[in-house]
S.K.: 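Here it is, the structure in full.
The sequence lines fix the lettering, A, B, ..., with proteins before strands; numbering per chain opens at 1.
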Protein chains: 2
Amino acid sequence: MIQAGAPVPDRTTRERILDAALDLFGARGVDAVSLDEIARHVGVRKQTVLYWFDSKEVLVDAVLEKVAAELVVVIDAAVRAAPDDPLDRVDAVVRAVFRPAVRRPALLGLVREVSRLSQSQADRLAAHISPLVERAVHYLAAEMETGRLRTGDPRLIAALSYATVTGIATEPEALRTVGWVADQAGLRALRDELRTFLRAALTPL
Amino acid sequence: MIQAGAPVPDRTTRERILDAALDLFGARGVDAVSLDEIARHVGVRKQTVLYWFDSKEVLVDAVLEKVAAELVVVIDAAVRAAPDDPLDRVDAVVRAVFRPAVRRPALLGLVREVSRLSQSQADRLAAHISPLVERAVHYLAAEMETGRLRTGDPRLIAALSYATVTGIATEPEALRTVGWVADQAGLRALRDELRTFLRAALTPL
DNA sequence: AGCTCTCTCTACCAATTGGTAGAGAATCGT
DNA sequence: ACGATTCTCTACCAATTGGTAGAGAGAGCT
């Protein structure tokens with residue numbers, strides 16, 4: 001905690017604000033979290049938050065940017081490391097997406113907020129994600145040609161997978177409604193069920 | 001629009017408030033929609049809303065209650081009407097869930113709000129949904145025994161399906177990020193892809 | 001030492017929120 | 001005809017929100 005009149009220049013304050021914002025936004029949503037609450041979590045005044053980020057919208061932007069960039073790196077690495085078999089590759093991507101999510105639920109929880117973004121924010125996010133998706137779609141299409149994947153619409157498969165992952169991310173607690181336990185073991189079990197589904201649906205007949 | 005000093009007793013006002021609240025909550029979230037905005041949509045003052053529903057929380061409750069009850073009826077009817085084959089039955093449920101969603105996107109969009117509910121609200125919702133899920137789980141388990149479905153954990157399958165549907169519901173616009181078009185045709189295509197997936201994953205080897 | 005830049009602070013503000021108090025018009029049962 | 005009930009209104013309020021203005025402490029360069 002920093003006392004009044006002792007503003008030791010602290011380059012990490014910005015990072016700590018981003019960190020707290022990610023957790024809080026992810027857990028309870030952008031609307032429900034005030035700048036003041038974020039500031040309190042960091043041990044700083046609300047106006048300090050507004051010094052680092054000109055407005056709440058800018059802060060949201062920065063958080064999304066950070067998360068998207070990290071996610072892209074993780075997925076990218078997983079794809080490159082995976083063996084040549086397309087089924088194994090899909091499997092690797094699914095596990096790669098869930099790994100950070102298991103460690104830090106707020107990460108995927110943030111996805112829930114995407115639907116509330118402004119047009120420009122959504123566009124910027126898409127700029128990060130789209131290239132990844134396009135590559136995946138082309139890859140899937142190519143492998144369907146070679147017969148190593150069951151034929152289908154790769155874009156729909158991508159959309160469905162994305163929807164499923166965000167669905168899991170969105171509702172770790174809501175899934176209790178269907179009797180699912182939202183702990184790490186439960187998350188892993190659900191991830192594995194998704195892997196099974198994808199394999200079953202993509203394995204050539 | 002009702003003019004001042006002309007409060008013709010109108011039993012439908014309550015219904016119209018519920019209706020507007022459903023659409024607005026579903027489209028933009030409970031937090032982002034004020035009572036005043038709902039009132040304006042109905043053509044009434046905010047205080048009239050508070051006359052019919054003691055607080056915003058009560059209004060949210062009522063909307064959820066209504067949606068849950070309707071959804072239960074729809075699914076129930078679909079199951080009863082479906083043929084005896086378990087794969088067809090699963091298929092019928094998926095279509096039944098999507099039918100109201102296609103007609104009225106806000107309906108499933110409301111699911112996004114579930115994660116922000118209070119404990120008591122979540123419990124009440126679960127009271128509606130759980131029996132349905134339990135029946136489905138037992139049914140799936142029984143059919144796995146008879147060999148007409150691939151064996152697996154029925155509860156995980158239910159959870160995964162639920163997550164997928166809510167994922168689609170949550171992100172009709174966010175899915176644009178992966179290049180998916182969020183119109184009715186797109187929704188149908190995605191629904192059919194989900195049906196294909198479920199069939200592929202559940203068909204006995 | 002003195003000056004500038006970086007950073008966090010105190011003090012405020014206008015707007016919006018959910019909610020309360022209570023007046024008054026229309027309808028219905030008597 | 002009349003009183004009670006039902007329903008919507010005007011008028012307020014306390015609390016919270018995102019955001020602004022500007023003071024002032026510490027660090028580093030000259």
S.K.: Closer than 4.0 Å, any side-chain N/O of B:Thr13 to the OP1 or OP2 of D:dT8?
M.R.: yes
S.K.: Starting from C1' on D:dG22, measure out to OH on A:Tyr51 and report it in whole angstrom.
M.R.: 14 Å
S.K.: Restricting to pairs with a member in residues 54-64 of chain B, which pass salt bridge (charged side-chain N to carboxylate O under 4.0 Å, His left out), not counting sequence neighbours?
M.R.: B:Asp61-B:Arg124
S.K.: For the side chain of B:Trp52, starting at C-beta, report the closest nucleotide among D:dT8, C:dC7, C:dC9.
M.R.: D:dT8
S.K.: Do nucleotides 14-19 of chain D as a string where each nucleotide becomes B, S or -: B if the base has a protein heavy atom under 4.0 Å, S if just the sugar-phosphate does, - if no protein is that close.
M.R.: ---SBB
S.K.: Could A:Asp88 and A:Arg199 be called an ion pair, given the rule that one side-chain N must be under 4.0 Å from one carboxylate O?
M.R.: yes
S.K.: Within this structure, what is the CZ-to-P distance between A:Arg45 and D:dG24, rounded to whole angstrom?
M.R.: 18 Å
S.K.: Please round to 10 degrees the angle between the axis of the first five pairs and the axis of the last five pairs in the helix from C:dA1-D:dT30 to C:dT30-D:dA1.
M.R.: 0°
S.K.: Excluding sequence neighbours, so at least two apart, what forms side-chain contact (heavy atoms from CB on, under 4.5 Å) with A:Val165?
M.R.: A:Val97, A:Phe98, A:Leu108, A:Leu194
S.K.: Salt-bridged, B:Arg40 to B:Asp36, with N to O below 4.0 Å?
M.R.: yes
S.K.: Partners of B:His138 by side-chain contact (heavy atoms from CB on, under 4.5 Å), sequence neighbours excluded?
M.R.: B:Glu134
S.K.: Could you tell me whether the side chain of A:Asp19 reaches within less than 4.5 Å of the side chain of A:Lys66, counting heavy atoms only?
M.R.: yes
S.K.: Would you say NE2 of A:His128 has more than 12 non-hydrogen atoms from neighbouring residues, nucleotides or ligands within 6.0 angstrom?
M.R.: yes
S.K.: Mind calculating the distance between CZ (B:Arg14) and C1' (D:dT6) to the nearest angstrom?
M.R.: 15 Å
S.K.: List for me each residue that meets side-chain contact (heavy atoms from CB on, under 4.5 Å) alongside A:Leu71, sequence neighbours excluded, and say none if there are none.
M.R.: A:Ile75, A:Pro100
